[in-house]
There are 2 protein chains.
Amino acid sequence: MLILQFLFNWHHMRLESRAKTAIVLGNKINESNLDGEYQFMKNQFTVSCQACSLSELCIPNSLSTSEMDIVDATIKRAEPIQKNKSIFEDGDKFLSLYAVRSGAIKSFSIDEKGEEHVIGFYLPGELIGLDAIDTGIHNHTAKALETSSICEIPYEQVEYLSGKISKLQKHMFRLLSREIHEDQELQLLLSKKTADEKIGAFLINLSARYKQRQLSPTSFRLPMPRTDIANYLGLAVETVSRVLTRLQDQLILSVDGKEVEILDAQKLCQVSHMDCSNI
Amino acid sequence: MLILQFLFNWHHMRLESRAKTAIVLGNKINESNLDGEYQFMKNQFTVSCQACSLSELCIPNSLSTSEMDIVDATIKRAEPIQKNKSIFEDGDKFLSLYAVRSGAIKSFSIDEKGEEHVIGFYLPGELIGLDAIDTGIHNHTAKALETSSICEIPYEQVEYLSGKISKLQKHMFRLLSREIHEDQELQLLLSKKTADEKIGAFLINLSARYKQRQLSPTSFRLPMPRTDIANYLGLAVETVSRVLTRLQDQLILSVDGKEVEILDAQKLCQVSHMDCSNI
DNA sequence: CGGCATTTTGAGCCCTCTCAACGAGTGTGG
DNA sequence: CCACACTCGTTGAGAGGGCTCAAAATGCCG
């Protein structure tokens, strides 16, 4: 437990000043110490939505406490999911949405040639599976990039409660709409931007998401390997690597393996040709 | 009126056999003959959802007739919108969703350098503006590619009625989800495919959408200019042109300006590396 | 320490872009 | 009726960004 406590504090140190509640993100726990880990994770998992530091990002957002209790009761908190394990697989029946509580998830599909296509990365507070509501069948596989904890939210309940609680319905519409909007932004990125712009925008996006989660927007750990970044952005791994070293040479970034520090956010935004108001 | 009747029949001839109701699509009416056009269009516009041949693609889908009447009452049927006129502009307040009834719409945004970025094309029965629900502000401009008719659906009513009619809520969730899924497919297309594959997939997609609308899947008119296709797919106009002539040389397509005929759907799918089960 | 996965670096090539010119179609005004 | 301007689509030649192939370097885990 000491090691865990240390990790806990270590992450805490990196939190922005105004953060009071702890979020464990990218928390790589030594897997040989499973007993302690389980205890720790379980405590984390049994936290109610009300007590969850992510609630303002997640489904319960904007609900009253009594309404939140109702939603809370339908959410299953599963055991932590280990690195490289799947939450669901492509073709599985769609029964639940999944909210990431800690860790990081990637979703991808496999084409007829056996090639993997990374669709997206999910950080704590984000919802997985919205694309499967229509057909009732998952189009992608969701796999843990690191040991993660997940809240399972039965979709039938979401539908039912949305009819009862108009705020929840409103929230669901907005969540779905936001996903559409973000996907459209990504389309723009993928179709019109150069490799440097893609990588830059990707880092700025991650930075903003970490900031939302009260984590440092300038210093963070990439939860995914280079191959996944390349795949996601439609680049070759070699290109990703080259761009990162180039940005490092320009003193915009400092990259050490998966650890990234943004040294010059202003310049990074310039290189990416992006609006910098949100960083 | 005679010319209109002719156009009407002409389109009818191109319908698939089982089509009984007429859909006017890509209908370019002589704009100098406005009186007749208006009369014709107005008749078209006052059609109720129940009588609308697109209802199975549009919002009313899967509602009972009495429920459909309720939804129907909230839908405003505006005057036809002329080519190059906007339905709404980027930055406008989001108040309504818009369903295309006839014609074709493109949506796009303008970046800081004044460059246009085409986000999507909308055919009859498709819903515009779903991406703006979240922020309440339109992110794009929606412009008519040809004279089009549009149903305006006040979003407040959609929210309200979705709370009352659970089937409608379900349908809205599915619509939003489908849009997400389609956007993700497009991301894959944009990031991983070659120019030939992009064009091929684009044509197959259009073909499938025309088929859904009881129009010929093998012979249709592109409602948008080459520049918009190129922009949408992240290609140069010249590349689009070159690929089309190449596909023509291979006897896969026959292209005459905006008029396209798919001569060998099988081969087109092969070239696009796509699943052909839906064509 | 040794084996394996991941990341980096280098060299050469190809697809697609850019630039440029031309042809076709359309609307306008003389 | 024709000349002109303008938009749109096509075609050609050359250049460049990112990919592929190859190999070394680094990190990770047993």
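Reckoned from all heavy atoms, side chains included, excluding hydrogens, waters and symmetry mates. First the proteins, then the strands, lettered A, B, ... as listed; each starts at 1.
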Report summary line: One would report the end-axis bend of the helix from C:dC1-D:dG30 to C:dG30-D:dC1, five pairs per end and rounded to 10 degrees, as 30°
Query - Members of residues 109-117 of chain A that approach DNA chain C, where some heavy atom sits under 4.0 Å away - result: none
Give me, pair by pair, the N or O atoms of the protein and of nucleotides 11-15 of chain C that are less than 3.5 Å apart, along with how far apart they are.
none

Query raised in the report: So what does A:L235 touch, heavy atoms closer than 4.0 Å: a base, only the sugar-phosphate, or nothing?
Result: sugar-phosphate
Query - Test side-chain hydrogen bond (donor to acceptor under 3.5 Å, both in side chains) applied to A:D92 - qualifying residues, sequence neighbours left out - result: none
**Report entry** B:I199 CD1 to C:dT16 P, straight-line distance once rounded to whole Å
**Finding:** 10 Å
Query raised in the report: Mind checking what makes side-chain hydrogen bond (donor to acceptor under 3.5 Å, both in side chains) contact with B:E179, not counting sequence neighbours?
Result: none
Could you go through nucleotides 24-26 of chain C and list every protein N or O atom that sits under 3.5 Å from one of its N or O atoms, giving the distance for each pair?
none

Query raised in the report: Should A:T245 be listed as having a side-chain N or O under 4.0 Å from OP1 or OP2 of C:dT9?
Result: yes
Query raised in the report: How would you list, by chain and number, every residue that makes a ring-ring contact (aromatic ring centres under 6.0 Å, His included) with A:H181, sequence neighbours excluded?
Result: none
Query raised in the report: Got a sec, which residues hit side-chain hydrogen bond (donor to acceptor under 3.5 Å, both in side chains) with A:H117, two or more places apart in sequence or on another chain?
Result: A:D111, B:K192
Query - Which residues share a side-chain hydrogen bond (donor to acceptor under 3.5 Å, both in side chains) with B:K106, sequence neighbours left out - result: B:E116, B:D228
Report task. Not counting sequence neighbours, which residues clear salt bridge (Lys or Arg N to Asp or Glu O under 4.0 Å) with A:R209? List them please. Result -> A:E126
Show me the protein contacts with nucleotides 4-7 of chain C, counting only N or O atoms at under 3.5 Å.
residue, atom, partner, partner atom, Å
C:dT7, OP1, A:R226, N, 3.4
C:dT7, OP1, A:K258, NZ, 3.0
C:dT7, OP2, A:R226, N, 2.9

Query raised in the report: Separation of A:D256 atom CG from D:dA25 atom C1', in whole Å?
Result: 14 Å
Query - Residue pairs fulfilling side chain to side chain donor-acceptor pair (under 3.5 Å) with at least one residue in residues 232-253 of chain A, sequence neighbours excluded - result: A:D196-A:R246
